[in-house]
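Presented below is the structure to which this report refers.
From a predicted model like this one, the values you see are computed outputs, not experimental measurements. Both counts, for ligands and for their atoms, begin at 1 and track the order of listing.
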Amino acid sequence: MENRLKVAQYITDIVERLQVEGYETYIVGGAIRDLMLKRNPKDYDLSTSATPEQIKKVFGKRRARIIGRRFKLVHLYHGREIIEISTFRSTPTKTGKPNLEKFADMPEQMIFHDNEYGSAEEDAFRRDFTVNALFYDPVAAKTIDHTGCGVNDILDGTVRVIGESELRFEEDPVRLLRALKLVGQYGFTLCEQTEKALLNSVELITHASESRLSLELEKILKGAYCDRIFAAFKRYGFLKYFLPYLDKNWDSATGQYAMKLLAVRNRRVATGDYRDSISMAMACMALPFVEATYGSNGGKLWSYEYDSTPQVIHGAIKKVFAPHHMIKRLNFSAQKMLQLQAALLNPEQGERVIRQKGYAHARELMLIQHEVMGNFTEVIDKWPKRVSTPHHRPPFKNNRRRKPKKRPPR
Ligand code: ATP
Ligand code: MG
């Protein structure tokens with residue numbers, strides 16, 4: 001099917017390079033979905049007939065790194081961006097679970113090996129949903145729809161599992177989350193079969209690997225649709241397995257306040273007013289629960305002393321995101337901006353606060369609260385948006401100059 005999509009030129013160049021070397025190569029996955037929906041793709045995934053070693057040979061070992069244990073793929077570096085290139089794979093034939101005690105409770109059909117190379121067509125059919133299985137060749141401007149319904153499903157906004165729905169969810173329960181992500185992020189609806197299978201299978205998510213789920217959670221929090229994705233999780237009874245504390249508090253004033261803060265944060269990310277910080281999303285979700293600990297809901301809080309509350313804040317973050325373990329850096333950053341809220345209520349603190357590393361985030365969080373509660377006008381006006389060089393190193397730290405190189409004797 002000929003229909004030119006607006007692909008970044010450097011991606012077309014990479015595809016062309018592999019094609020010139022004789023390897024069939026396409027853009028796959030979320031980028032095609034986004035381009036067809038006239039959205040900006042957040043990144044590009046490529047799929048090719050070249051093996052990871054062959055890809056590395058084409059681009060050189062400085063640009064291309066082979067990663068992954070379960071299945072190998074290549075990270076290709078383009079400036080600060082990383083493009084994921086995977087080799088065509090077929091649907092795994094070995095589904096038998098390892099004969100070990102720790103796998104005893106796992107679903108029978110769960111896939112433990114997924115590393116068999118295959119053709120482009122086989123690769124399309126091992127993918128999860130028809131909307132995720134389109135292949136696009138940017139050099140020939142050609143879309144290939146192996147399943148036959150990917151294009152229509154994108155245009156109609158339908159999530160349809162490829163193959164037998166219940167089996168595919170059992171093979172890999174992370175697909176449950178991925179289906180609902182499409183519902184939340186794009187407003188897609190599940191087709192009847194997929195919906196039925198999903199409702200019968202939600203509990204399987206407890207068998208998914210914790211590291212994959214934490215990674216998915218990070219991806220969700222980074223994007224600008226997390227409030228809608230969590231709402232879809234709630235609607236389908238998935239949230240109680242994924243974020244049980246949020247699920248339990250969903251209908252309370254605290255839970256609703258958290259979702260309102262998150263919605264404002266997301267709008268500001270979508271319009272480019274602020275960056276897509278994961279820790280900001282975390283802080284928005286935890287803030288109402290910190291306030292609730294102090295016996296109040298909905299802003300005009302933070303009357304407690306700055307520096308006196310790290311444990312309360314740490315505890316709230318931990319509860320909201322349990323059973324997942326967010327990485328230390330994100331926990332620390334969310335904690336810091338929550339702690340700084342109290343200090344921001346007291347403009348006399350001035351420079352001391354502005355010089356803190358999390359100041360910009362803390363100010364943004366107060367701005368978000370203000371938009372939801374309208375309580376902080378006078379306070380926000382007193383804090384400058386940008387701060388000049390708070391943590392730039394002086395060029396010669398402690399006045400120590402670099403030693404001049406010894407000159408060779410004449
Ligand atoms: P996003 O915009 O969030 O990156 P995406 O669909 O591109 O969405 P990725 O995690 O980047 O998501 O995966 C790339 C592609 O790999 C998917 O579009 C899908 O075709 C395939 N894929 C990913 N996870 C699975 C899975 N669990 N089962 C089958 N196919 C999968
Ligand atoms: Mg992707």
Side-chain angles (χ1 to χ4, degrees), residues 7-8 11 26-37 39-48 67-68 70-71 73-76 81-92 95 107 109-116 118 120-136 143-147 149-150 153-154 159-165 167-186 188 194 197-198 201 204-205 207-209 211-226 228-229 232 276 278:
V7 173
I11 294 292
Y26 303 97
I27 302 173
V28 293
I32 306 297
R33 219 173 49 215
D34 287 332
L35 288 166
M36 289 189 68
L37 293 168
R39 295 191 186 197
N40 264 341
K42 74 172 164 48
D43 51 28
Y44 288 90
D45 305 302
L46 305 184
S47 204
T48 178
I67 61 141
R70 192 160 151 251
F71 43 74
L73 42 86
V74 171
H75 273 178
L76 182 71
E81 206 177 315
I82 297 173
I83 298 123
E84 224 171 76
I85 312 182
S86 59
T87 307
F88 298 144
R89 273 190 227 107
S90 59
T91 310
T95 55
Q109 301 302 328
M110 197 146 156
I111 286 177
F112 296 93
H113 315 271
D114 185 8
N115 211 7
E116 289 164 30
E121 185 171 4
E122 285 173 315
D123 189 80
F125 280 94
R126 69 145 188 113
R127 290 173 185 271
D128 42 10
F129 311 111
T130 55
V131 293
N132 283 350
L134 289 174
F135 284 40
Y136 181 70
T143 307
I144 303 167
D145 188 355
H146 287 291
T147 69
C149 28
D153 283 343
I154 288 187
V159 182
R160 189 187 311 277
V161 167
I162 297 173
E164 216 261 283
S165 308
L167 173 67
R168 300 301 311 276
F169 285 137
E170 198 177 323
E171 281 176 358
D172 180 5
V174 175
R175 290 175 187 149
L176 296 158
L177 175 149
R178 295 177 53 83
L180 295 177
K181 233 173 105 180
L182 292 169
V183 171
Q185 181 162 343
Y186 297 94
F188 284 2
T194 298
L198 184 137
S201 316
L204 291 181
I205 199 66
H207 296 295
S209 108
S211 60
R212 281 181 76 200
L213 290 179
S214 298
L215 216 65
E216 287 291 345
L217 177 58
E218 266 176 35
K219 267 169 73 174
I220 293 170
L221 291 174
K222 188 165 170 64
Y225 302 94
C226 37
R228 293 185 220 176
I229 292 173
D276 55 358
I278 298 176

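Atom 18 (O) of ligand 1 has as its closest protein heavy atom G29 CA, 3.1 Å. Nearest protein neighbour of atom 7 (O) of ligand 1, counting heavy atoms only, is G30 N, 2.8 Å. Distance from atom 29 (C) of ligand 1 to its nearest protein heavy atom, with residue and atom name: D128 N, 3.3 Å. Of the protein's non-hydrogen atoms, the one nearest atom 28 (N) of ligand 1 is R175 NE, 2.8 Å. Nearest non-hydrogen protein atom to atom 27 (N) of ligand 1 is D172 OD2, 2.8 Å.
Of all atoms in ligand 1, listed by their number and element, those nearer than 4.0 Å to a heavy atom of K181 are 3 (O).
Residue D45 approaches the Mg ion (ligand 2) most closely through its N/O/S atom OD2.
Relative to the ring axis of F71, R89 places its NZ or CZ within 45° and under 6.0 Å from the centre.
Contacts with ligand 1 closer than 4.0 Å are made by side-chain heavy atoms of D45 only, the backbone lying farther away.
The aromatic rings of F129 and F169 sit tilted relative to each other, their planes meeting at an angle between 30° and 60°.
Residue A133 comes nearest to T147 through the heavy atom pair CB-CG2, 4.1 Å, listed as atom of the first residue, atom of the second, then distance. Of all heavy-atom pairs spanning K181 and I220, the tightest one is CD-CG1, 3.9 Å.
Side-chain N or O atoms of S90 include none that pairs as donor or acceptor with a backbone N or O of E122 at under 3.5 Å.
A ring-centre distance under 6.0 Å is found for H146 and F135.
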Run the salt bridge (charged side-chain N to carboxylate O under 4.0 Å, His left out) check on R178 and D128 step by step: do they pass?
CA-CA 9 Å; R178 295 177 53 83; D128 42 10; 2.6 Å; yes
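I67 is listed as a side-chain neighbour of L73, based on a closest heavy-atom distance under 4.5 Å. Using a 4.5 Å cut-off on side-chain heavy atoms (C-beta onward), R175 and V161 make no contact.
Residue nearest to atom 17 (C) of ligand 1, selected from E84, E171, R178, K222: R178 (by heavy-atom distance). Among K219, R168, R127, the residue whose heavy atom sits closest to atom 15 (C) of ligand 1 is R127. Of the listed options R126, R39, K42, R33, K42 places a heavy atom closest to atom 4 (O) of ligand 1.
With 2.8 Å as the limit, D43 does not count as an N, O or S neighbour of the Mg ion (ligand 2).
Ligand 1 has at least one atom lying under 4.0 Å from a heavy atom of R212.
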